[in-house]
Amino acid sequence: MAVTYSLSRPATALVAVLLLSFGSVAASHIEDQAEQFFRSGHTNNWAVLVCTSRFWFNYRHVANTLSVYRSVKRLGIPDSHIVLMLADDMACNPRNPKPATVFSHKNMELNVYGDDVEVDYRSYEVTVENFLRVLTGRIPPSTPRSKRLLSDDRSNILIYMTGHGGNGFLKFQDSEEITNIELADAFEQMWQKRRYNELLFIIDTCQGASMYERFYSPNIMALASSQVGEDSLSHQPDPAIGVHLMDRYTFYVLEFLEEINPASQTNMNDLFQVCPKSLCVSTPGHRTDLFQRDPKNVLITDFFGSVRKVEITTETINLQQGSEIMESSYKEDQMDEELMEPLKYAEQLPVAQIIHQKPKLKDWHPPGGFILGLWALIIMVFFKTYGIKHMKFIF
Amino acid sequence: MLDEPQEQAEGSLTVYVISEHSSLLPQDMMSYIGPKRTAVVRGIMHREAFNIIGRRIVQVAQAMSLTEDVLAAALADHLPEDKWSAEKRRPLKSSLGYEITFSLLNPDPKSHDVHWDIEGAVRRYVQPFLNALSAAGNFSVDSQILYYAMLGVNPRFDSASSSYYLDMHNLPHVINPVESRLGSSAASLYPVLNFLLYVPELAHSPLYIQDKDGAPVATNAFHSPRWGGIMVYNVDSKTYNASVLPVRVKVDMVRVMEVFLAQLRLLFGIAQPQVPPKCLLSGPKSEGLMTWELDRLLWARSVENLATATTTLTSLAQLLGKISNIVIKDDVASEVYRAVAAVQKSAEELASGHLASAFVASQEAVTSSERAFFDPLLPVSLCGMDCLFFCPISQHSTLMH
């Protein structure tokens, strides 16, 4: 034992230096490799956001979905890549004290409905069949492009569902249910047709974990707001609107997402810690056994944002000028262009004049006879009722 | 260089072996790869002549035709992912048609009055390239000009060269804010390739793109797999001398198209060939595409189509096998028969080397199988609430690998 510790000083120094240099070389190599593994294989992002409830007292489910929609848009996924399914009966509901708004924070801090919401499936179109058709792609040819999920084998898809659920099923619009087996089969069909690269499934309902129990296709990660046998609770009622505005799990997920910007390096393990039992009352769960990469290597923006992979273009092609015939036609085009009147863009509108116009002064007219007569009548009635002694308080 | 009397059939290759001391090739070069499916290999007088010449021919043939990595790239989504190679992610998937959109982005029309002869450039440079590629699908080309379209990222000022730059980390965030204004995806169901030419505003001119090491990129352009490319076009500082704004800017379409066509090649997966040592590679013809590169693309596409069609038919069979009694409409059945026949025909044609007909048959196979699989009248889900009570518990069916 003593022998191992009796290395002479220069030798130890030499060994240390060698180890350091070797370590730095290895570290840079490992860093390159780590960068490789960190990167997912996707080139585009899609999001399917579903709110399965209707009726005024399910306001919070619509607010949930719209808040996730806002975050996903903020982080870069364009509307053309988002399929939003809502009953959409909140903003214009006769019971809404603030029409055309849906709030997600009490005291009406944040209107998540806004001006540029694009709802793809609204009202009675939100059915189990339409949802499964969107996922599997078995859509009638007349369906417009905005209602399709045109993902390919390099798409990362985020699927968020919220509503009322139970052990193994999720209610759609109070009239039908989707079971966890149907959902698992739909995902399997998507996998067989390579309609996704990786899929993140988030569900905020009662007994939400039961919905991801049956998944068996690869590359799926799932999060739920509560375990089997537990209820997911709502967050805060707003006394002015009269309903609960959001559910707890989604509320804390959104607080978490507010910290994320498109360049964030936050990973999935942080998302799993969101909403512990002390805040959520229910126990959020997650499932990562079907996922190939380690969750700590998966960036939040891999699913919630749309960060493109770019490469610098280093090559060019040599284009020859072409034959003489083509050159002469090129010159003709040039002459035609110069003969045309050049259109100037900047001064077409006298914008300065329009903006700085002063409002016209309206002439003042004295009040007409009708108004005078009305006031005289009011004053007469007043004095008749309360007696003339009050006149000294007025004049 | 050589007189080619007859058109070479697609998928074929002709190799000429010349004498050892012939002056046809430069003295130190052993072989030459031409643009039109021909190659020249230098012979040798040696005991092992046949072996050596044979090896050289094999090297040339591998550079010009189908090899394992081309096949691997074509079948990338059916193979287990253990390599994260960028080459495999880049090419567009095989499709019946493609839409190519050229957009000119002018964020500062008060300073720059930009004119680009896009119609002429498309006619002169892009159309010949697309005609050469026409066997791979239908192409449609659009163009547009967008005013007041900014990049989403603020460029930084580099005082050393008194210019602005965007470094590699900012590039991924450039595309998203612009994309919603492009409007290209609303039009067709074919995949869309966007090529953007950005003329930076006067306050941020000149603008260069820097690579990882901080050096400005020669082409001043970058591309994104399966999306398209962006090139930054700096206005020559001499044109500002007149000091009357807006300055008329005439875009040099040759320079622009050289970059865009190179990006188009990369996005289609036409990689630079792996040239064997001591080999002279002729430049591409004026179209920008050598005919044997097209052959490689068609081979890769045929294999990819066959894999897709086979997978689709298999999963359709699995889906229908789970339902014991189902009524299938006649046209779905006929599509399935047609798909199977097309797959067989394509495989036969590939085996006998008839590339053109094999590719057409493989496209037919994919179309028919997709039509059968995605028929809207097939049941979407196999069981409803009954599942909770009656369906068997085991759901882990065997997956296709």
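We name chains A, B, ... by the order of the sequence lines, and we start the count at 1 in each one.
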Modelled atom types, side-chain donor and acceptor of A:Lys193 and B:Ser315, under 3.5 Å: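 Judged by distance alone, the side chains do not pair up.
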
State the [atom1]-[atom2] distance between [X] and [Y], to the nearest 0.5 angstrom.
X: A:Ile317; Y: B:Tyr125; atom1: CD1; atom2: OH; answer: 12.5 Å
X: A:Asn44; Y: B:Ser224; atom1: CG; atom2: OG; answer: 9.0 Å
X: B:His223; Y: A:Lys309; atom1: NE2; atom2: NZ; answer: 13.5 Å

Shortest non-hydrogen contact from B:Thr219 toward A:Thr313: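 Result for this residue pair: OG1-O, 2.6 Å.
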
Could you tell me which non-hydrogen atom of B:Pro225 sits nearest to which non-hydrogen atom of A:Glu311, and how far apart they are?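 So the minimum-distance heavy-atom pair works out to CG-OE2, 4.1 Å.
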
Chain A contact via [X] - side chain, backbone, both or neither, heavy atoms under 4.5 Å:
X: B:Glu119; answer: neither
X: B:Met257; answer: both
X: B:Ala218; answer: neither
X: B:Ile175; answer: side chain
X: B:Ile209; answer: side chain

Among A:Pro140, A:Pro78, A:Ser306, who wins on heavy-atom pairs under 4.5 Å with chain B?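 Ranked by heavy-atom pairs under 4.5 Å with chain B, first place is A:Ser306.
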
Pick from A:Ala263, A:Ser146, A:Pro144 with the largest number of heavy-atom pairs that fall under 4.5 Å of chain B: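 The answer is A:Ala263.
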
Check each atom of [X] against the heavy atoms of chain B and say whether the ones under 4.5 Å are side chain, backbone, both or neither.
X: A:Ile312; result: both
X: A:Pro262; result: both
X: A:Ala184; result: neither

When B:Met231, B:His173, B:Gln263 are compared by non-hydrogen pairs under 4.5 Å with chain A, the top option: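 Looking at each option in turn, the highest pair count goes to B:His173.
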
Please, which pairs that meet salt bridge (charged side-chain N to carboxylate O under 4.0 Å, His left out) have at least one residue in residues 75-85 of chain A, sequence neighbours excluded?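 Counting only pairs at least two positions apart or across chains, the salt bridge (charged side-chain N to carboxylate O under 4.0 Å, His left out) contacts touching residues 75-85 of chain A are A:Lys73-A:Asp79.
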
Would you check if the side chain of B:Arg226 reaches a backbone N or O of A:Thr43 as a donor-acceptor pair within less than 3.5 Å?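 Answer holds: no.
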
Please step through side-chain contact (heavy atoms from CB on, under 4.5 Å) for the pair B:Gln318 and A:Gln192, ending with a clear verdict. CA-CA 10 Å; B:Gln318 277 183 346; A:Gln192 299 249 335; 3.3 Å; yes

